[in-house]
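The analysis underlying the following values was restricted to heavy atoms, covering all of them including side chains, and did not include hydrogens, waters or symmetry mates.
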Amino acid sequence: MHLLIKSAKLFNEANAHHLQVVDIEVKAGIIQRIGAELSAPGATEITGKELWVSAGFVDTYAFFRDPGFEYKEDLASGCEAAFRGGFTRVLLQPDTFPYIQTKGEVQAMLSKAANAPIQVLVAGALTENLEGKDITEMLDMHRAGAICFSNGDKAVADTSAQMRALQYAQHVNALVMSYPNDAYLSKSGQVHEGVVSTQLGLKGIPALAEEMQIARDLALLSYTGGRLHFSKISSARSVELIREAKAAGMQVSCGVSAHHLLLNHEVLPGFDTNYKVMPPLRTETDRLALLKAVAEGVIDVICSDHQPEDVEHKFLEFDLAKPGIAGIETAFSVVASACSPKELAAVLPALNQRPAQLLGLPAVSFEAGAPADLVVFDVAETYMVEKANLRTKGINNPFIGQNLKAPIRLVVRGHHHYISHA
Amino acid sequence: MSAISTKHLISIKELSTADIETIFNTADNFKEVINRPIKKVPSLRDITIANIFFENSTRTRLSFELAEKRLSADVINFSASGSSVSKGETLIDTVKNILAMKVDMVVMRHANAGACEFLSRNIDAKVINAGDGAHEHPTQALLDAFSIREKYGKVEGLKVAIIGDILHSRVALSNIFCLQKLGAEVMVCGPTTLMPKFIGELGVKVSHNVREALEWCDVANVLRIQLERQATRYFPSLREYTLHFGINRQLLEAVGRDITIMHPGPINRGVELNSDVADSSQSIILNQVENGVAIRMAALYLLAN
């Protein structure tokens with residue numbers, strides 16, 4: 001492998017060339033040179049209209065369905081999809097079957113993914129069988145390589161269980177991930193409760209279901225101490241709750257899915273189940289507040305919330321379809337499509353630097369001699385998402401057939417690389 | 001002959017006011033037909049219609065079937081309860097079966113909002129929604145508005161109160177859209193727990209006091225209350241509902257206005273409506289039933305052409 005990235009604007013604060021247009025030579029998985037007007041005979045040149053280059057993206061919330069649901073996705077297809085989406089490090093959620101809830105399952109996952117193009121990171125289950133009752137062997141899992149603990153999409157309804165989990169995780173100073181969703185207020189809900197749910201006769205999930213759980217968890221956190229991360233939030237009021245908690249000095253962080261930055265509930269008429277997601281798509285006011293909060297840093301990270309599904313679970317009546325978008329390949333372009341180039345520059349740290357920090361991962365270096373971990377995309381281009389070009393097994397991507405901005409041109413992680421010719 | 005702008009009849013939302021007028025004018029003709037000694041016309045000869053009911057229904061299914069037979073269509077009926085097979089598989093399989101049987105039109109009732117939309121996107125046949133979850137029941141709204149028009153000569157400018165369980169009601173939603181398109185003013189009235197929080201954003205008045213609603217309206221469309229089918233109890237008892245939201249002669253006389261009473265049926269006599277109201281001269285409930293056949297004939301006829 002010998003690559004020469006030509007005239008790309010670098011986004012890497014630690015580097016002297018940050019925000020400069022540079023050429024980067026990569027050979028054998030190592031950054032060889034970075035500077036102006038480089039030439040490298042024999043190298044494959046990566047060129048474009050207006051290239052940007054950044055550290056490979058880090059995803060804090062994705063499901064690869066392996067083991068247990070390999071017909072929806074498996075580790076190999078998930079990793080390849082992630083890599084082509086610009087993600088070089090991905091935290092997998094424990095909602096597999098069996099659940100990732102013991103040392104053995106953590107080790108098995110990490111060893112199975114050892115040769116993947118991306119670095120697979122594992123969140124151990126927070127509670128046994130994700131039932132939200134008894135806490136798991138977190139210390140053992142942590143020693144085996146689980147870097148944080150999460151109950152995935154199954155919010156812990158039992159307050160005392162959530163309290164014990166927050167207390168126990170502190171033994172290893174582990175991050176606890178919480179999907180804020182009140183099980184009672186959201187029961188049988190399909191979409192955001194609002195004028196659109198009213199028009200469509202679909203049972204609504206009030207934003208209150210999320211906000212109450214955030215308020216509850218923040219109260220617990222101030223009692224227990226520890227580190228809490230809300231995996232995906234969706235309402236403007238949630239942003240304010242977290243803004244206030246951060247201002248009060250609490251160790252709290254939060255994420256938002258890429259699709260919540262581009263879509264609102266007005267896409268729902270037509271009952272396309274690809275738009276059924278949890279938390280639900282909310283109002284335009286919420287969307288704009290989320291986008292602003294990412295740029296301000298109140299929302300720390302943007303995740304893919306990659307949830308691949310097969311025909312049997314998605315091609316159904318709206319109420320019966322599983323929620324989720326298989327969006328890890330399009331997540332970055334979805335974010336780029338929600339932003340002006342200036343806004344994209346402001347939210348980029350939520351895709352690379354901040355999630356790495358949050359998960360305690362080493363920062364990516366662009367210095368000569370460093371292992372390459374980068375993504376190159378063209379902010380002056382758009383492309384049409386085509387099913388044939390996606391590597392996920394999931395059929396559920398509402399952006400298929402749509403034009404998105406900033407196609408990815410190159411992804412490199414050490415010896416692994418992907419060049420897009422689309 | 002006129003036509004309507006949509007290929008299917010899935011929601012009132014997607015109809016134009018002109019479409020509704022076309023359906024009404026066509027229904028006027030069919031109403032005359034079904035009052036003739038020979039009630040049958042050959043309009044839909046060689047057209048095959050499948051009535052597929054995933055939810056129990058007596059009068060809607062009968063009304064559609066009668067409308068189809070009056071138009072000389074070939075009719076097949078399929079009823080299924082969702083208990084034995086997973087509902088999702090059933091609908092997909094239904095889609096495949098319809099495709100294989102070369103059915104021209106499908107009339108479907110289903111427990112899930114959007115099910116008819118789903119069907120229409122996946123089969124060639126034309127789809128008529130006979131009720132999908134809490135979404136819409138377009139022919140009910142059309143026959144309701146048609147009955148109001150018949151009584152008053154117009155719908156525009158009238159005040160219509162829809163009273164009962166608004167939260168779970170496809171009839172309420174379709175009625176709101178239909179009446180608004182025709183220029184009526186709409187109020188919804190029911191217990192706070194049976195009122196969608198954002199219903200006001202549809203441009204309707206909201207009341208939680210049945211007397212207030214009756215004092216305001218020209219027409220009261222009273223919905224059936226179903227305690228038995230609710231997984232969650234939205235109100236404590238039928239008794240309490242009747243005491244606070246039931247409509248009886250005494251209440252109507254106290255209000256002292258000549259209000260027209262409607263009900264989509266079947267009535268829970270003594271719950272939302274007392275017999276002394278349902279069977280009174282103010283009630284047009286049986287006219288609604290008769291008009292239902294004419295409206296459904298019109299819808300079937302216009303879609304088939």
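The side chain to side chain donor-acceptor pair (under 3.5 Å) test with A/R282 singles out one residue from A/H265, A/H260, A/H192, A/E193, and that residue is A/H192.
Looking only at distances, a side-chain donor or acceptor of A/N396 sits under 3.5 Å from a matching main-chain atom of A/G324.
By number of non-hydrogen pairs under 4.5 angstrom with chain A, the leading residue of B/G114, B/S169, B/G200, B/S11 is B/G114. If you tally non-hydrogen atom pairs under 4.5 Å between each of B/L119, B/L167, B/N122 and chain A, the highest count goes to B/N122.
Of the atoms belonging to A/K187, not a single heavy atom falls under 4.5 Å from chain B. At a 4.5 Å heavy-atom cutoff, the contact between A/Q199 and chain B is made by backbone and side-chain atoms alike. Heavy-atom distances place both the backbone and the side chain of B/I199 under 4.5 Å from chain A.
Remark: A/K232 is positioned above the aromatic ring of A/Y179, its terminal NZ or CZ atom under 6.0 angstrom from the ring centre and at most 45 degrees off the axis.
Rounded to the nearest 0.5 angstrom, A/D74 CG and A/F64 CZ are separated by 10.0 Å.
Checked against the 6.0 Å centroid threshold, B/H110 and B/F118 do not count as a close aromatic pair.
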